[in-house]
> 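Let me give you the structure first, and then I'll get to my questions.
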Amino acid sequence: ECAVDISAGSMLLDGCDISCQSDTVILVRGASTRATISGNLIRDGTGAGVTVTDSACPSIINNDICGHHLDGIVIAEGADPTVTDNRISECKTTGVLVRAAGRGTLQGNDIRANAISGVVVQERASPVLRGNRIRDGQGKGVDMYDGAGGLLDSNEVTNNVMDGIILKTGANPTIVNNKVFGNKGNGMYIFEGGMGVMEGNDVFENESSGIAIRSKGNPTLRRNRVHHGRKNGVYVYQNGMGELEGNEIYENRMDGISVKSGGNPTVTSNMVRDCRGKGIFVHEKGLGSFDGNDVVGNSSTGVTVATGADPTMRRNKVTDNKGHGVCVDKAQGLVEGNVVSGNSGDGVHVRNGGTPEVRGNEITGSEGHGLHVCRAAGGVYEANQVHANRKDGISIRGAENPTVTK
């Protein structure tokens with residue numbers, strides 16, 4: 001049952017105040033349906049506000065859709081509506097639910113203060129969301145799962161109680177040019193096999209990490225700005241993966257990039273600067289390939305590899321950090337072909353049983369030693385250029401038989 005059932009034709013529903021005690025207030029269905037629903041107050045239903053299904057293609061424009069016990073708008077079963085300039089608020093579950101291969105173009109809507117999520121996309125649905133504000137929710141901003149796809153372009157996702165954008169269980173959308181900020185959880189959270197391409201987004205001032213990746217999450221992150229977060233810029237853990245290329249990660253309160261517990265990202269040509277913790281921190285058996293990154297001006301070490309981690313670090317520039325340039329502590333790893341310059345501690349500092357391979361690096365301008373191996377550390381040090389450091393070029397103290405060759 002519903003208040004309005006539109007199953008064919010080009011009906012105009014305009015300027016009405018509609019509510020009812022049913023599964024949905026307005027039902028639009030059928031491939032031949034081209035209804036226009038505009039300027040209405042659709043409120044306080046015991047089910048959903050507007051349900052569009054069975055390949056219907058209505059236009060839903062400039063309505064107030066609010067206070068429903070379930071979802072504000074539901075798009076399902078191949079429906080492809082145009083949803084423009086609506087205010088969708090204070091629903092008890094989701095502002096907009098797109099499911100079961102639903103599509104649709106949602107543009108310029110204000111989706112706010114919904115209880116569970118602002119937008120949910122699931123079950124191979126693939127909508128286009130462009131220029132919406134998804135804000136002030138009591139749960140997640142955008143939640144995409146079960147093979148969801150689609151495009152998120154130039155939206156604002158802000159001030160949600162949980163994460164800004166979640167991708168999991170095979171979700172694989174394209175997410176470009178969005179602002180994701182001021183959320184109480186992570187800005188973006190990719191896990192349980194979530195994927196997606198995130199490009200050109202501005203992710204800032206979120207209470208947890210800017211972008212968090214775990215449990216086989218494997219997104220592609222290109223040319224995003226991840227900054228001024230309350231914790232890490234990018235956090236990869238519990239077997240998370242991902243490709244990070246050309247991002248600028250800066251001025252986060254903790255580390256720029258943190259990788260641990262089997263995290264294994266590919267990190268190429270990023271700028272990691274001016275974070276209050278470490279620039280790059282690989283620890284607790286973290287892995288990863290780090291190639292061609294600039295790690296500059298961080299408040300602690302530029303790169304720390306610790307507690308059983310084993311990453312590959314090649315062709316990075318690690319400069320002007322406030323601690324050591326590269327620190328290896330109870331860990332392994334390959335450090336090859338990097339420029340380590342102008343750091344406030346040692347250029348490369350290895351301790352506590354660390355056994356890295358350090359080859360072909362230029363280590364210069366350090367306030368401490370160029371290369372310092374101590375506290376039962378070992379490792380292989382070969383063909384490094386070590387010059388113009390304030391203390392010793394190479395210092396071996398209390399080490400465990402390191403191999404040092406020209």
Side-chain angles (χ1 to χ4, degrees), residues 233 247-252 254-258 267-283 288-306 309 311-329 331-352 354-375 377-399 402-406:
N247 303 283
E248 188 174 7
I249 302 166
Y250 62 97
E251 296 186 44
N252 297 285
M254 292 176 62
D255 307 313
I257 300 173
S258 179
V267 182
T268 307
S269 301
N270 301 277
M271 170 65 76
V272 185
R273 65 173 178 85
D274 300 318
C275 295
R276 295 189 187 179
K278 303 166 180 68
I280 296 173
F281 187 23
V282 189
H283 55 121
S289 173
F290 299 80
D291 193 337
N293 303 285
D294 284 299
V295 185
V296 182
N298 298 285
S299 295
S300 182
T301 54
V303 175
T304 291
V305 181
T312 298
M313 301 275 176
R314 285 193 173 102
R315 293 179 290 272
N316 303 285
K317 294 181 180 178
V318 184
T319 59
D320 300 322
N321 298 286
K322 303 303 187 291
H324 304 307
V326 177
C327 179
V328 182
D329 186 348
Q332 296 79 51
L334 173 64
V335 181
E336 183 174 45
N338 304 281
V339 175
V340 184
S341 173
N343 298 286
S344 296
D346 299 327
V348 175
H349 181 97
V350 185
R351 65 190 182 203
N352 295 331
T355 56
E357 297 180 32
V358 180
R359 292 191 168 99
N361 303 281
E362 182 178 6
I363 305 169
T364 185
S366 308
E367 291 296 313
H369 304 290
L371 169 63
H372 189 192
V373 185
C374 61
R375 301 183 198 172
V380 175
Y381 306 87
E382 181 179 283
N384 299 288
Q385 300 177 47
V386 184
H387 62 94
N389 298 284
R390 177 160 290 190
K391 294 184 178 179
D392 299 327
I394 298 175
S395 174
I396 309 294
R397 297 183 182 179
T403 300
V404 181
T405 61
K406 292 184 179 179

> Identify the heavy atoms of Ala331 and Ala309 that sit nearest to each other, and give their distance.
CB-O, 3.5 Å
> Asn298 side chain to Cys275 main-chain N or O, any donor-acceptor pair under 3.5 Å?
yes
> Output the distance between atom CE (Met313) and atom CD (Glu357), rounded to the nearest 0.5 Å.
14.0 Å
> Pairs under 3.5 angstrom only: tabulate donor-acceptor contacts from the side chains of residues 390-397 to other protein residues two or more places apart or in another chain.
{"residue": "Arg390", "atom": "NH1", "partner": "Glu367", "partner atom": "OE1", "Å": "3.2"}
{"residue": "Ser395", "atom": "OG", "partner": "Arg397", "partner atom": "NE", "Å": "3.3"}

> Would you say Asp320's side chain and Val296's backbone share a donor-acceptor pair under 3.5 angstrom?
no
> Would you compute the distance between atom CG of Asn352 and atom CG of Asp329 and round it to the nearest 0.5 angstrom?
4.5 Å
> Within the distance-only criterion (no hydrogens, no angle test), does the side chain of Asn384 pair as donor or acceptor with the backbone N or O of Asn361 below 3.5 angstrom?
yes
> To check you understand the geometry: which heavy-atom pair defines the closest contact between His387 and Thr364, and what is its length?
O-OG1, 2.9 Å
> What pairs with His349 under ring-ring contact (aromatic ring centres under 6.0 Å, His included), at least two apart in sequence or on another chain?
His324, His372
> Looking only at heavy atoms, which two atoms of Pro311 and Val305 are closest? And how far apart?
CD-CG1, 3.5 Å
> Can you tell me if Asp274 uses its side chain to pair, donor with acceptor, with the backbone of Glu251 under 3.5 Å?
no
> Distance-only, no hydrogens or angles: does the Thr301 side chain make a donor-acceptor pair with backbone N or O of Val326 under 3.5 Å?
no
> So how far is it from Asn293 CG to Asn316 CG, rounded to the nearest 0.5 Å?
4.5 Å
> Report yes if the side chains of Val282 and Phe290 come closer than 4.5 Å at any heavy-atom pair, otherwise no.
yes
> Can you tell me how far the CZ atom of Arg359 sits from the OH atom of Tyr381, to the nearest 0.5 Å?
11.5 Å
> Please find the pair of heavy atoms, one from Gly297 and one from Lys322, that lie closest to each other, and give the distance.
O-NZ, 3.9 Å
> For the atom pair NZ (Lys278) and OG (Ser300), what is the distance rounded to the nearest 0.5 Å?
4.5 Å
> Please list all pairs passing the salt bridge (Lys or Arg N to Asp or Glu O under 4.0 Å) test where one or both residues lie in residues 331-344, with sequence neighbours left out.
Arg314-Glu336
> Backbone N or O of Val318 within a donor-acceptor pair of the Asn338 side chain at under 3.5 Å?
no
> Keeping the roles fixed (side chain from Asn270, backbone from Ile249), state whether a donor-acceptor pair exists under 3.5 Å.
no
> Of all the heavy-atom pairs spanning Gly365 and Asn389, show the shortest one and how long it is.
N-OD1, 3.3 Å
> Test side chain to side chain contact (heavy atoms under 4.5 Å, CB included) on Asp346 and Ser366 and set out the steps.
CA-CA 6 Å; Asp346 299 327; Ser366 308; 5.8 Å; no
> Within this structure, what is the OG-CD1 distance for the pair Ser341 and Ile363, rounded to the nearest 0.5 Å?
11.0 Å
